[in-house]
Amino acid sequence: MRASRQVLEQPLDAAELARATLCLGCGLMHRGEFNAAEPELQRALHLYGGLSDEEGRRLSLHALGSAKGRQGRPVEALALFLQVRHMSVTLGHVQGEIEALNSIGASYGVMGDHANALEHQLLALGLSRKHGLPSVERTALNNMSMTYFQMRRYGDALEAALACLTVLPQDEPASDVLAIQTAGQAYFGLKQFAQARAMYLRASELIEHAGDQAGFASLQLFLGQVAQQQGAFAEAHQLFQRSLEICQKIGHEYGQVESLSQLSGLLGASGQVEQALDALHRARSLAETSQLRSHLCEIDLALSKLYRQAGRPHEALSHLEQHLQLNGELFSATSDQRIQSLRVQSGLEQAERERLAAQNRNVELSALNARLGELNDRLEETNRDLQAAQSQTAELLVQLEQHANEDALTGLLNRRAFDVALADLLPNQQISIVVCDIDHFKSVNDRFSHLVGDQVLRQVGALLKSQLRRGDLLARYGGEEFMLLLTEASQTDTLKVCEHLRRTIENHDWSTVHPELSLTVSLGAAVARLEPTSVLQDVMRVADDALYAAKHAGRNRVEVRQVAPLG
C-alpha cells in the first residue's frame, strides 16, 4: 500500500494511474479500512471506464462490492457482484465469473437468504470443477460448508468442509484453516464433541503459527464450548478467559462480546448469577458501542433470563422488552434487504436481456438498411415488447410486495404488514391490541420435532383466523407469537373474543397433529381509544404486560387491560 501511494505521487499515464489507484484501494481494504478504500476503488473504476478497459473495470467493481459488503451494505454489494458476473460472461473470463458467483452467494448468506446463497455456490462449484480451477473450487466448498452450517444441515456442512481438504493442490493455509474450523463446527452441531475438539486443536495450531491472534482467540472460544458440553467447566472457563484476554489485548471488540457472552452462560449455568450478570453487562456495553445489533438483541434476552433466575422481575421485563423491540427492527431490516435484493437481481437481469435484444436488433438493422418498411415494423414490435416487459415488471413488483407482507409458514400477515396497518389507524378509533402466545412451544419442538412445531403454528393461525370478527386483523408477529387488532371492541367485548379464542385452541383435537399433543395459549390485550395524545407503542407495551401477567399467573389465561388516555 505504501508503494501504491509512492507511485501515485509520480507523473503517470492514465493506465498506470488506474492500476496504482486500484492497488491502493485493495490495500486499504485488506487492512480493514473499508470506508477509506471505497473512494479509491470508485476512482479506479472511473479511470478504467475512461480507458475502455473492461478487465480493469471488472476488477474494480469486484473490489468495490467486497468493500461495501464488509461495511454491512449487502444489497449494494450484491448489485455490483451481479454486474461483475455479467461482465465476466461477456469477457469470457471463467474464473472471474466463478469468483463473482461465490461473492453473490456470500451476499445472500449475509441477508439470511440461504437458498439463493447455496444456488450460486453450487454454480461456482460446478464451473470450477468443469474448468479445473482448484483454488476457486476450495473457496466454493468452504462457502457451501458455512451456508449449510447456518441452515443447521450439519452433515452436509461436514461433507463440504472435508471435501475442501481433499482438493489438490493444498497450498493455501488460510483455506485449510477455514475448512478445518468449519468441519469442527459441523461436528459440534452433530454433537460429536471429541471430533470437534480434534479439528479445533488442529486449526488452532495452524492459525497460531500464522500469527492470526483474532482467529486464535476465536478457536479458544470454540474449544471452550466443547469443554462445556463435555462437562469440563474449569477448562471451559479457562479457555473463555484466554479468548477474552487475547481480544482485549488486540482491541477486538467483536471477539470480546463473544467471549463475555460465553463466559456469562457458563457462570449462569453453574449458579454464579451475579458474576454472569456482570460479564453480560460488559458484553452489552461493548456491543452497544460497536453497534453489534444482533449480539445486543441476544444479550438482552440472556439478561432477561438471568434476572428472572435471580428473582428480579423488573429488570427481566425491561431487558425482554428491549430484546423484542430490537428483534423486530432486525426482522424488518432483513425483510427489506431481501426485497431490495430481489429488485436488484430482477432489474439487472431485465437490463441484460434488453442489452442483448438491442445488440441483436442492431445487427439485423445493419443488414436490412434498405428495407425501411420492415425496419419500421420491427421498431413497432420492439416498442410492444418493451411495454409488455414493463407490464411484467409491474406485476413482479406487486408479487414482491405481497410476499413482503405475508408470513411464509402460516400465510397470515407478517410483522411488517401488521405495523403498517397500525400506522394507518384513524384518530378517535376504539381498538384492542391482543398478543397471543403459544404456551410451552419450545417443548413442542423439543419433544415432537420442528416439523410438528411448524404444523402447530399453521394450525393455530388457521384456528385463530376462523374465529375472528369481520374487520379484525391477525398476524404472525414472530416465533410462536400472534397479534390481533380488534376494532370497535369494548373491554368486555375484547375479553369475550379472547376467551373464545383461548377455548378454541384448548378444545381443539390436537391428536390429528400428534397423538400425544395438547396445546394452550395465553393472551394479553390492551383496549384503548386513539386520541391525539395516544401512542401506539404504549398500547402494545400494555398488551405485552398483560401477556406477561397471563403467563406469570399460570398460562392458558386471558388478561385484558384498559389504556387510559394521556392527560
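Keep in mind the model is a prediction, meaning the values are calculated, not measured.
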Discussion item. Assess the residue pair E321 and D545 against the criterion (side chain to side chain contact (heavy atoms under 4.5 Å, CB included)); give the C-alpha distance rounded to whole Å, side-chain angles, the decisive distance to 0.1 Å, and a yes or no.
Written reply: CA-CA 10 Å; E321 289 174 347; D545 290 345; 3.5 Å; yes

Worksheet, complete the sentence: T494 meets the side chain to side chain donor-acceptor pair (under 3.5 Å) criterion, sequence neighbours left out, with S432

Worksheet, complete the sentence: The side chain to side chain donor-acceptor pair (under 3.5 Å) partners of H319 (sequence neighbours excluded) come to D300

[X] to [Y] - nearest heavy-atom pair and separation:
X: R284; Y: I299; answer: CB-CG2, 3.7 Å
X: A279; Y: L260; answer: O-CB, 3.7 Å
X: T182; Y: S145; answer: CG2-OG, 2.7 Å
X: L486; Y: A489; answer: CB-CB, 4.1 Å
X: A546; Y: E559; answer: O-CB, 3.4 Å
X: L244; Y: R282; answer: CD2-NH2, 3.9 Å

Return the [atom1] to [atom2] distance between [X] and [Y], rounded to the nearest 0.5 Å.
X: D493; Y: Q430; atom1: CG; atom2: CD; answer: 9.0 Å
X: Q181; Y: Y200; atom1: CD; atom2: OH; answer: 7.0 Å
X: L473; Y: K465; atom1: CG; atom2: NZ; answer: 10.5 Å
X: F233; Y: F240; atom1: CZ; atom2: CZ; answer: 10.5 Å
X: Q230; Y: R197; atom1: CD; atom2: CZ; answer: 7.0 Å
X: L277; Y: Y307; atom1: CG; atom2: OH; answer: 5.0 Å

Flag, side chain of [X] to backbone of [Y], donor-acceptor distance under 3.5 Å:
X: S259; Y: Q256; result: no
X: R476; Y: A408; result: no
X: R529; Y: N428; result: yes
X: Q562; Y: V527; result: yes
X: E288; Y: S285; result: no
X: S449; Y: N445; result: no
X: S318; Y: H314; result: no

Does some side-chain heavy atom of [Y] sit less than 4.5 Å from a side-chain heavy atom of [X]?
X: Y548; Y: P313; value: yes
X: L474; Y: L413; value: no
X: L517; Y: S511; value: no
X: P427; Y: L530; value: no
X: L501; Y: C436; value: no
X: R469; Y: D472; value: yes
X: V513; Y: V456; value: yes
X: L122; Y: M144; value: yes

Is it true that [Y] and [X] share a donor-acceptor pair across their side chains at a distance under 3.5 Å?
X: Y477; Y: D437; answer: no
X: T147; Y: Q121; answer: yes
X: N556; Y: E506; answer: yes

Evaluate whether atom [atom1] of [X] has more than 12 neighbouring non-hydrogen atoms of other residues, nucleotides or ligands under 6.0 angstrom away.
X: R502; atom1: CZ; value: yes
X: Q275; atom1: CD; value: yes
X: R152; atom1: CZ; value: no

Worksheet item: Parallel under 30°, tilted from 30 to 60°, perpendicular over 60°: which one fits the rings of F188 and F193?
Response: perpendicular

For [Y], is there an ion pair with [X] - N to carboxylate O distance below 4.0 angstrom?
X: D446; Y: K442; value: yes
X: E499; Y: K496; value: no
X: D439; Y: K551; value: yes
X: R541; Y: D544; value: no

Discussion item. Going by ring-ring contact (aromatic ring centres under 6.0 Å, His included), name the pairs with one or both residues in residues 503-523, residues two or more places apart or in two chains.
Written reply: F448-H514, H508-W510

Item to complete: Would you check, one step at a time, whether the test side chain to side chain contact (heavy atoms under 4.5 Å, CB included) holds for V452 with V444?
Response: CA-CA 7 Å; V452 169; V444 175; 4.3 Å; yes

Worksheet item: Can you list the steps and then say if L484 with L468 is a side chain to side chain contact (heavy atoms under 4.5 Å, CB included)?
Response: CA-CA 9 Å; L484 296 90; L468 292 185; 3.3 Å; yes

Practice prompt. Could you walk me through whether I438 and L519 pass the side chain to side chain contact (heavy atoms under 4.5 Å, CB included) test, one step at a time?
Written response: CA-CA 8 Å; I438 300 174; L519 208 70; 3.9 Å; yes

Discussion item. I want to know whether Y154 and F149 have ring centres closer than 6.0 Å.
Written reply: yes

